[in-house]
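Order of the sequence lines sets the chain letters (A, B, ...), proteins ahead of strands, with each chain counted from 1.
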Amino acid sequence: MLWEIDIHPAEGQLDRVAERVATAAREFGLANDLRVASARGYLVEGDALDRAKIEKLAAELLVDSVVERANIRQLSATEGQADGGALNGAKCVTVLLKPGVMDPVAQSALAAAADVGVQPTAMATARKYWLSGASEAEILSVGSKLLANDAIEQVFIGALELERLELGRPYRFESRNTPIRQLDDAALMRLSRESQLYLQLAEMQTIQKHFRELDREPTDVELETIAQTWSEHCSHKTLAGRISYTDENGERRFENMLKETIFAATTAIRERLGADDWCVSVFEDNAGIVRFDDEFNVAFKVETHNHPSALEPYGGANTGVGGVIRDIMGTGMGAKPICSTDVFCFARPDTPASELPPGTLHPRRVMHGVVEGVRDYGNRMGIPTVNGAVYFDQRYLGNPLVYCGNVGLIPRDKSFKQAEPGDLIVAVGGRTGRDGIHGATFSSAELTSQSEHISGGAVQIGNAIEEKKVLDVLLVARDRGLFNAVTDCGAGGFSSAVGEMGEKIGAEVHLDRAPLKYEGLSYTEIWISEAQERMVLAVPEKNWRAIDDLCRSEGVEATVIGRFVPSGRLHLYYRDNCVADLEMRFLHKGRPPVVRKATYSASQSRPLSLPSKENYTDDLLRILASPNVASKEWIVRQYDHEVQGGSVVKPFVGVANDGPSDAAVLRPVLGSRRGIVIGCGMNPRYGDFDPYHMAASAIDEALRNCVAVGADPARVAILDNFCWGDCERPETLGGLVRAALACHDVSIALGAPFISGKDSLNNEFSYQGNDGARHTIAIPPSLLISAIGQVEDVARCVTMDLKKSGNLIYIVGESRNELGGSHFALVNDLSGGDVPTVDPETARRTFAALHRAIASGLVRACHDLSEGGLAAAVAEMAFAGGLGAQIAADRVPRTSDADHAAAILFSESNTRFVCEVEAASAAAFEKCFQDQTECRQIGAVQSSSTLEIQLEARPIISASLNELKQSWKAFMHA
Amino acid sequence: MVRPRILILRAPGTNCDAETAHAFDLAGGLTDKLHVNRVLENVGLLSEFQVLCIPGGFSYGDDIAAGRIFGGQIRHHLAETLTAFREAGKLIIGICNGFQVLLKTNLLAAGDAAGPTATLAANDSGHFEARWVRLSTQPGNCAFLNGIQELELPVAHGEGRFVTRDDDVFDRMNGSGKFVLRYAAPAQTAIKISQFAIAPTVPYPANPNGALGDVAGMCDESGRVFGLMPHPERFVDWMQHPRWTREPARPAGDGLRIFQNAVRYFN
């Protein structure tokens, strides 16, 4: 029997869900006067379930009778009516997860039902809405555009009619070969596309040749394994490939582009440091590892989860966070995640619905879904989300970017791992289902308006608590020395995890032994499923009992699925049938090198004609209100940023806890005063001018954010995350290579080594427009630099809010006429100009000098200058501190071409800071910068509540703190 | 000084156990962290401890509702044990998720024939809120708040809106002094909290969730069972305060006093 329990808000309780739906329907222009009531629902199935049992289940487990009431109905019977809540007679819309999609709440409820003495055989959650005040067509469009996501959910309109909950069906084994030996090139490429292998012709030909030599056809799972291992996502074949690059300096040939730029910089820095090298493991493991203190190292990794987030923002971001946390858990012998960082790129949330290309979700919906997905995974894991940023550009319409980063703490002697021949292959954590099939290969493909339909299976929903349980036992098992190696099941699932761990040994896996969420999975699906929350351990046989007992004691499932055997081969079995027999060497070394051309030609530089104005107050207010600069407090306050108790410098600081911090500081070891600093740098707008300067600026920004709060610039490690368009186009790849060259140069000059990185290519969206023509939107070149710094004593950290009237205000660094790509240009719709550049030698000296000043306790407040330049920085410091400031712009040290008021106020030149210094410390502060860089007093903190900036004794900006803060916060509830 | 033994009771999804243990350690307690499965296997384990703490987190994912499944486990399997624990003169504290869990047992607010009398419902804002709040106390006999008049602490929760079934229940609880901890207005705009206020009198975000009567924490009649939404374990050191770089330093975080009170209770 199948029962439906609808849980409504009780009389007098607000229906927030309904309010949000009605508001969104109006804002999206779907229905103007929609009235909505909502309910949560459960479907409960079981042969022995009568109404009394269901009522008991509802009362004792599912319903909070203080604020909710339930309506119970047996489906497939005439008894009972769906209850329209406050809106009887309205149209009922039920949203159910598609069969096979993860439903963690139903799983938990099913397990807990036993405690109240009811034992259903299956449960599912549902969301229900009753809609009125709209036409049938409007209700349909609200249903499909607002209430459900076709990638994972199904919508039923009208009273729900279901006979039973659909779970799996039994699987009948059948060994399948994929004939490939006789195919011509066109057929090979068709196979690559239609089977979602997304391999290139040379690769398909290599596979064909391999199997011709073996004199047999590959099995389906062999082909899938090769495609996954060779995917862009897993092998980074483009950037680690052969590239012939041409720019204004001529041609340069790379055998391995990444190795010769970014890795090479790290190698050079480590050699220079010699015995003082504080890098531990770079570009090897799941995350980069650096030294922290005598006992611990720290690991840092940033991943992207762009394609899944485009299709299903909540699930995509949710599993993006879960995935990068597993990366940290799978680093070395397992690190403990201590904080997260998340950076997003969206199209503007006020984009008119009529401008959306087919197959895209509205950016506002994407933004909210992503924020909620990050929130729900991070908060549940108990990992503070301490840093992030959001960038808006219309070119992210089809391809929003979701960067998820995580930092882990790991004992120094647990930082390396090695699986041993004979070790058991143990799967730990969640069960395997049909979720996330083809994620690795799909993420390497371009999105189209059809992607939603082709790749629904690539979208997953996370279950954070499953991962938290795995983390709890993993760290205990690590400290007891129960395993030799660990890695996460990420893209590619078991295929990637076992393939990597067994690369140098060999492995045999019995796929029928993997625990499944439901029946019916083929051996191939089991092997490549990207079901979340799974880790793979290499366990010496003698420790299996102890691992199993430990896992059982905390309700975690551990299963032996195979063994690492010294065969040099990958053998897969399903009930004793061999379904794959591949040479590890071919799998990992057999891929033909990708050879690409890359070209860069500088865009013609055009002067930016500056308007002549008496007063720039309005420009400042508009910059503060612009989406990239505006307060993101509405996002950050949904993230738990203080769990684990280590928070020292929070995302928001100042007298009202609402000023924007430059970077986060936390103490990962409670009771110790040594701190970790997390910052980031990114500015896609600069990439339109020159990706070299964009990359250099991003590194400078990431470092200055860290240094501004007190990090030691000699101990900052950085990460690169390239998100780019289609790199088969030489000019697109050319921009990327150019950015990588900047990474090389600036990293070495600043002594900031890259320790890990990731790329996501093919971020383009193609669709058929109303004109019938094919259109493509490519994202702007988007390089995120994430930085992890260290501070010896967190008590020396400073925040950006002005502290006390009478204190002096200094600017550090030189201002140049660099308004190209600036926010001043953005809000005034100006183009052209020079983009900010970095003088790495000056930057290195400046960071070191400022650090000396901060570490000596000479600085009361410090803020870096970025979007909006000096004016925005001083404004933020003033309203955060609730104190006025008087600034003389004439005094700002600048190049001779930067005398224009707009350049002084808004230029975004790199390596600049504003510092607040007590008069008594002024001389000592100035001395820190002597012969190092420009440093000049430009004003003072005042007890007034206005910011006034003067030029030649005339005010060019004058605004109340209230006005400034209001502008900055106006975008908050977008 | 006697160092009482503190049990930090974990469940799947508990995530504030380490910093809560650190806070009790700083206060002079001797802490152990145990998974609820160990206690369910052997309820006798509890007798070795003087303080039981259910820390923050998302027990069982807060699936269905916050604290629902963990609270149900306690109600079904540990109710008598915990009642006996309290009757033996020992202390119980639930922080955030722990408060949500305790409220689903009968230890803080007994249900009656008509069902539960009070709950912690979804925040009025409709989402998770992480922010600092000011709190005022009416400690009465609450062992944990002894001598504390006001506190600043962070909250971090999605379901913290205290609601009673009806006004009578609220008045009864209020009359018996159960509402020992309430959200207070920011310092600049301090308003006197009415002893009998029912609707929230402190506006959002000072009252971060819309709790009736601004209730942030409650205590049972014995004064030995205490539940609160804010996180005292996140403010045991001055440098955890959001304005530590600008305000005069305090020797310790406000939250530490709650843990010190628990330890002092046995001295």
*Output, in order, the C-alpha distance, side-chain angles, deciding distance and verdict of side chain to side chain contact (heavy atoms under 4.5 Å, CB included) for B:His127 and A:Arg16.*
CA-CA 10 Å; B:His127 54 71; A:Arg16 289 284 186 215; over 6 Å; no
*Go through B:Asp63 and A:Gln107 one step at a time and tell me if the side chain to side chain contact (heavy atoms under 4.5 Å, CB included) criterion holds.*
CA-CA 9 Å; B:Asp63 292 341; A:Gln107 279 184 7; over 6 Å; no
Under 4.5 Å from any heavy atom of chain A, what part of [X] do you find: side chain, backbone, both or neither?
X	result
B:Thr20	neither
B:Glu233	neither
B:Ala11	neither
B:His77	side chain
B:Ile64	both
B:Ser59	neither

*asked:* Using a 4.5 angstrom heavy-atom cutoff, name the option from B:Arg165, B:His22, B:His241, B:Arg161 with the most pairs to chain A.
replied: B:His22
*Indicate yes or no: does B:Arg75 engage A:Glu60 in a salt bridge with an N to O separation below 4.0 Å.*
no
*Could A:Asp801 and B:Arg243 be called an ion pair, given the rule that one side-chain N must be under 4.0 Å from one carboxylate O?*
no
What heavy-atom pair brings [X] and [Y] nearest, and what distance separates the two atoms?
X	Y	result
B:Trp244	A:Val648	NE1-O, 2.8 Å
B:Thr245	A:Cys797	CG2-O, 4.1 Å
A:Arg375	B:Phe128	CD-CB, 3.9 Å

*Nearest-0.5 Å distance, CZ of residue B:Arg234 to CD of residue A:Gln644*: 9.5 Å
*Atom CZ of A:Arg637 and atom CD of B:Glu129: how far apart are they, to the nearest 0.5 Å?*
9.0 Å
*Determine, step by step, whether A:Val643 and B:Asn15 satisfy the side chain to side chain contact (heavy atoms under 4.5 Å, CB included) criterion, reporting the C-alpha distance in whole Å, the side-chain angles of both residues, the deciding distance to 0.1 Å, and the verdict.*
CA-CA 8 Å; A:Val643 62; B:Asn15 62 32; 3.7 Å; yes
*A:Arg667 and B:Gln240: side-chain donor and acceptor closer than 3.5 Å?*
no
